[in-house]
Amino acid sequence: MLLGKFMQYEVNTPDQYIKCLDDDWRKSVLNQIRTIILDHAPELEEHIKYKMLGYGLNDGSDNVFHLNAQKQHVGLYVGDISKIDPAGELTANLDVGKGCLRFKKSTKLDSAKLTEFITKTISMWRNNQDIGC
C-alpha cells in the first residue's frame, strides 16, 4: 500500500516491498542496485527500516545502506558520501546529496561507478571506518 506523496510503502518484508513497486524503470534500477549490494556484501541482511529497504546487521541496528524508489528517482542512502568519495571521482555525473545518490530515469547505471562506490563503502564499513553522517 502506497502512503503519502513520497512513495512510502506499508510493508513488512523486502519481498512485499518489491511486489508493491510499479513495473517501470524505478523497479529495474532498484533491483540492479539491490543486486550489487547483495552480491558484494552477502553478510548484510536485507530488511525494512524507515519504510524502505535496509541493508545491515542485526535487523537494522547497523545499517550500511537504505534503498528506496521515489516518484522521480531511486535513492541509495549512506551516511556521508564525502567520507566515502571525498574527491567525487566515484560519484561524478550522479545526482548527489549529503547522504544519498539519486538515480533518475536518465541516469545510465552502466557508465556510473556505482559498483566501485558500493564496494568501497562496504570495505570501509568492514574495516570500521567512519561512513556515518
Side-chain angles (χ1 to χ4, degrees):
M1 173 193 304
L2 182 62
L3 298 176
K5 66 178 187 173
F6 291 111
M7 307 273 312
Q8 295 180 343
Y9 301 93
E10 193 62 50
V11 297
N12 297 313
T13 69
D15 286 339
Q16 289 174 345
Y17 183 93
I18 298 299
K19 286 179 185 174
C20 280
L21 297 177
D22 290 336
D23 239 354
D24 63 10
W25 67 271
R26 289 169 298 166
K27 187 173 191 174
S28 174
V29 168
L30 184 133
N31 275 322
Q32 289 176 60
I33 297 169
R34 180 180 184 224
T35 297
I36 295 168
I37 293 169
L38 294 172
D39 284 352
H40 288 87
E43 73 271 28
L44 294 181
E45 300 166 9
E46 185 178 52
H47 53 269
I48 299 296
K49 183 135 184 180
Y50 307 120
K51 299 185 184 197
M52 64 180 93
L53 295 173
Y55 300 87
L57 301 178
N58 303 318
D59 199 27
S61 64
D62 186 18
N63 275 330
V64 181
F65 302 104
H66 286 95
L67 187 56
N68 194 26
Q70 296 290 336
K71 189 169 187 166
Q72 299 296 323
H73 71 274
V74 173
L76 175 64
Y77 302 88
V78 298
D80 185 341
I81 290 175
S82 67
K83 291 179 181 178
I84 300 161
D85 186 26
E89 295 169 354
L90 301 176
T91 55
N93 302 318
L94 293 176
D95 184 354
V96 180
K98 181 179 191 251
C100 81
L101 300 175
R102 291 177 287 271
F103 300 90
K104 298 178 181 172
K105 188 176 185 176
S106 61
T107 304
K108 304 285 186 241
L109 283 184
D110 296 340
S111 61
K113 294 183 178 178
L114 180 60
T115 300
E116 292 91 338
F117 178 84
I118 288 173
T119 56
K120 183 174 181 188
T121 304
I122 293 165
S123 175
M124 290 176 72
W125 170 77
R126 285 177 179 150
N127 289 309
N128 295 314
Q129 291 178 274
D130 181 19
I131 60 172
C133 35

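When reading the values below, keep in mind they use all heavy atoms of this one structure, side chains included, and skip hydrogens, waters and symmetry mates.
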Is the number of heavy atoms from other residues, nucleotides or ligands within 6.0 Å of CG (Asn93) greater than 12?
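Not buried by this count: 12 neighbours or fewer within 6.0 Å.
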* Lys27 atom NZ, neighbour heavy-atom count above 12 within 6.0 Å ->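 For Lys27, atom NZ is crowded (more than 12 foreign heavy atoms under 6.0 Å).
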Close side-chain approach of [X] and [Y], heavy atoms under 4.5 Å:
X     : Y      : answer
Leu53 : Phe65  : no
Leu94 : Phe117 : no
Ile48 : Asn12  : no
Leu21 : Ile18  : yes
Leu57 : Trp125 : yes
His73 : Asp95  : no
Val64 : Ile131 : yes

Rounded at 0.5 Å granularity, tell me how far [atom1] in [X] sits from [atom2] in [Y].
X      : Y      : atom1 : atom2 : value
Leu109 : Leu114 : CG    : CG    : 6.0 Å
Gln72  : Lys104 : CD    : NZ    : 8.5 Å
Thr35  : His40  : OG1   : NE2   : 11.0 Å
Cys20  : Asp15  : SG    : CG    : 11.0 Å
Leu76  : Ile37  : CG    : CD1   : 5.5 Å
Glu43  : Leu38  : CD    : CG    : 10.5 Å

Looking at [Y], is its backbone amide N or carbonyl O close enough to the side chain of [X] to form a donor-acceptor pair, meaning the two atoms are under 3.5 Å apart?
X      : Y      : result
Ser123 : Thr119 : no
Lys83  : Gly132 : yes
Asp85  : Thr91  : yes
Asn127 : Gln129 : no
Asn63  : Gly54  : no

Minimum heavy-atom distance between [X] and [Y], given as atom pair plus value:
X      : Y      : answer
Trp25  : Phe103 : CZ3-O, 3.5 Å
Ile122 : Ala41  : CD1-CB, 3.5 Å
Cys133 : Gly79  : CB-O, 3.6 Å
Arg26  : Asp22  : NH2-OD2, 3.6 Å
Tyr77  : Cys100 : CD2-CB, 3.3 Å

Which of Arg34, Glu45, His47 passes side-chain contact (heavy atoms from CB on, under 4.5 Å) with Tyr55? It is Arg34
Let me see the working for Ile33 and Val29 under side-chain contact (heavy atoms from CB on, under 4.5 Å), right down to the final yes or no.
-> CA-CA 6 Å; Ile33 297 169; Val29 168; 3.8 Å; yes
